[in-house]
Amino acid sequence: MTRGLVWLGVVVVAACAPPHRPPVSTQTTARRPVPDEALGITLRKPLNPAAFTRQRCVNGRAFAFIFGHYSVVSDDALFSVPHEHDDSAAVLAALDSFTVCIVETRELSALAFVTLDDSLVSHATIFWDEEDKAPKPAEVLALLTPRYGEPLKNAYRVQYWSADSIDLYINSQGLYNEATAVTLDDSRACRRFERLVHRGHPPPVYVKENGDPDPSSTYCWVQPQ
């Protein structure tokens with residue numbers, strides 16, 4: 001698939017992608033650095049145009065309908081939501097409060113969906129559309145480890161950092177291919193989005209098959225233990 005087609009078709013692909021939120025690790029993150037930056041994208045700061053070779057920004061609702069039909073996983077791509085939402089009307093109303101920028105990074109030439117909350121970066125889904133040009137997960141790891149230290153690992157062996165309501169994941173498989181992908185997430189925007197979606201109703205509480213609480217499916221961020 002050419003980069004031009006991906007640039008136009010990336011949301012359709014995202015609609016077929018499974019949720020990528022990893023289960024909670026049992027490792028501690030005490031006194032770890034806050035993993036708030038990757039490939040020129042920095043959480044809780046305005047988007048830096050100098051970090052990108054091109055950039056297109058749209059309203060969150062427009063992003064969900066960028067191909068003329070609603071993508072049910074748009075909110076997962078923009079917030080790493082802990083669970084799916086069936087009420088698209090409520091989701092779209094909540095998306096009106098956010099801006100989405102589709103960018104190409106100068107560093108490593110990645111594509112990214114960047115979510116802005118009150119003009120500040122709150123989430124980024126970063127990926128490579130051409131597998132032969134994508135860095136290996138180990139290369140991304142080597143780039144980020146000097147800043148954030150050794151990563152945690154979840155049950156699926158996904159490597160990630162977590163601190164101060166922020167997560168940074170390195171996945172071996174992206175939204176639609178087997179190339180490396182990176183997710184940078186400030187869960188405060190996810191929590192705001194969840195409040196807007198569930199306005200007037202108590203948020204859902206999920207349990208595992210054995211009846212135990214399932215925090216990773218209930219909350220936007222869970223402190224690793």
Could you pull out the closest heavy-atom pair between [X] and [Y], with the gap in Å?
| X | Y | value |
| --- | --- | --- |
| Gly60 | Val100 | CA-CG2, 4.0 Å |
| Leu108 | Trp128 | O-NE1, 2.7 Å |
| Leu168 | Pro35 | CB-CB, 3.8 Å |
| Ala64 | Ser74 | CA-OG, 3.4 Å |
| Lys153 | Arg157 | NZ-NH2, 3.0 Å |
| Gln55 | Cys101 | NE2-SG, 4.2 Å |

If you define the side chain from C-beta out and look only at heavy atoms, does anything of [X] sit under 4.5 Å from [Y]?
| X | Y | value |
| --- | --- | --- |
| Asp75 | Val197 | no |
| Val140 | Val182 | yes |
| Asn59 | Asp96 | yes |
| Val121 | Lys45 | no |
| Asp76 | Glu84 | no |
| Leu120 | Pro46 | yes |
| Pro151 | Ile170 | no |
| Pro33 | Trp161 | no |

Spacing of [X] atom [atom1] and [Y] atom [atom2] [to the nearest 0.5 Å]:
| X | Y | atom1 | atom2 | value |
| --- | --- | --- | --- | --- |
| Leu43 | Ile166 | CG | CD1 | 5.0 Å |
| Asp164 | Arg188 | CG | CZ | 7.5 Å |
| Glu131 | Lys133 | CD | NZ | 13.0 Å |
| His123 | Leu78 | NE2 | CG | 7.5 Å |
| Arg195 | Cys190 | CZ | SG | 10.0 Å |
| Leu92 | Arg61 | CG | CZ | 4.5 Å |

Between [X] and [Y] (side chain of the first, backbone of the second, donor and acceptor by atom type, cut-off under 3.5 Å), is there such a pair?
| X | Y | result |
| --- | --- | --- |
| Ser122 | Thr115 | yes |
| Ser187 | Ser165 | yes |
| Thr99 | Leu116 | no |
| Thr180 | Pro135 | yes |
| Trp221 | Ser162 | no |

Next on the checklist: Working note: Val72 + Val91, criterion side chain to side chain contact (heavy atoms under 4.5 Å, CB included); need CA distance, chi angles, decisive distance, verdict.
Outcome noted: CA-CA 9 Å; Val72 71; Val91 170; over 6 Å; no

Next on the checklist: Restricting to side-chain hydrogen bond (donor to acceptor under 3.5 Å, both in side chains), what partner residues turn up for Arg106, sequence neighbours left out?
Outcome noted: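 Partners of Arg106 under the side-chain hydrogen bond (donor to acceptor under 3.5 Å, both in side chains) test: none.
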
Item to check | Listed partners of Ser119 passing side-chain hydrogen bond (donor to acceptor under 3.5 Å, both in side chains), at least two apart | outcome: none

Checklist entry - Which is it for Arg44 and Asp36 under the salt bridge (charged side-chain N to carboxylate O under 4.0 Å, His left out) test, yes or no, and what are the steps along the way? => result CA-CA 8 Å; Arg44 301 178 180 175; Asp36 59 356; over 6 Å; no

Checklist entry - For the residue pair Phe98 and Phe63, is the inter-centroid distance of their aromatic rings smaller than 6.0 Å? => result no

Checklist entry - Which residues satisfy the ring-ring contact (aromatic ring centres under 6.0 Å, His included) test with Phe193, sequence neighbours excluded? => result Phe79, His85

Checklist entry - Pick one: which of Asp167, Asn154, Leu152 meets side chain to side chain contact (heavy atoms under 4.5 Å, CB included) with Pro224? => result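 The passing option is Leu152.
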
